[in-house]
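Counting starts at 1 for both ligands and their atoms, following the listed order.
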Amino acid sequence: MKFDLLPILNADGRRLPLNLELDLIGKEEDGARFLTPVSVTGEFVNIGGSIELCAKAVCRVEYVCDRCCEAFESDFCCSFEEVFKKEDVRVEDDQNPDAVILTGTAIDIDEIVLANVLVNLPTKRLCMDDCKGLCAECGHNLNQSDCGCDTIPTDPRFDILDKLL
Ligand SMILES: [Zn+2]
Ligand SMILES: [Zn+2]
């Protein structure tokens with residue numbers, strides 16, 4: 001979706017609210033599957049000619065647990081900021097090298113939200129903090145029950161114990 005910044009583009013101090021839902025239901029990215037639309041709330045502010053966006057994205061996501069490989073759901077929430085500058089802003093005046101240079105007056109807000117959500121997805125994914133994982137011997141999910149195999153659980157915390165023995 002294109003979002004037009006024209007109403008505040010040339011008015012220092014002017015604000016523009018952002019409220020949108022980005023429909024990513026069913027989309028899978030990097031092992032995460034979106035279960036709800038991404039709800040985005042925020043505000044654009046013109047600060048000295050550059051447009052700053054502060055926003056928050058909220059949705060529900062399904063991940064696969066790193067240890068037991070079971071799918072689990074979790075609430076996702078991230079805050080992000082972006083700065084946009086008009087094309088005619090001289091480079092030497094630019095104090096923020098990460099600013100997105102505007103071509104025209106509109107931005108592709110979907111693309112910006114999606115990029116920020118993806119970089120904020122958790123890299124460590126556990127269905128619960130103390131997930132017991134799978135039995136190295138028989139593959140049984142040890143969260144459900146003990147399988148009876150005589151193995152040391154494949155939990156990195158136990159690697160330290162192995163070295164000590
Ligand atoms: Zn797990
Ligand atoms: Zn087992």
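- Between the SG atom of C135 and the SG atom of C147, the angle taken at the Zn ion (ligand 2) works out to 110° after rounding to 10°.
- Residues N46 and L9 are not in side-chain contact: their nearest non-hydrogen atoms beyond the backbone lie 4.5 Å or more apart.
- Of all heavy-atom pairs spanning R60 and T36, the tightest one is N-OG1, 2.9 Å.
- When SG of C131 and SG of C65 are joined through the Zn ion (ligand 1), the resulting angle is 110° to the nearest 10°.
- For the pair SG of C149 and SG of C138, the angle whose vertex sits at the Zn ion (ligand 2) is 110° to 10 degrees.
- The number of heavy-atom neighbours closer than 6.0 Å to CD of E21, taken from other residues, nucleotides and ligands shown, is above 12.
- Checking H140 against the Zn ion (ligand 2), every N/O/S atom stays at or beyond the 2.8 Å cut-off.
- Here C68 reaches the Zn ion (ligand 1): one of its N/O/S atoms is less than 2.8 Å from the metal.
- Proximity of V119 to F80: side-chain heavy atoms (C-beta onward) are nowhere separated by under 4.5 Å.
- Inter-residue side-chain proximity for I25 and F34 is flagged as unmet; no heavy-atom pair is nearer than 4.5 Å.
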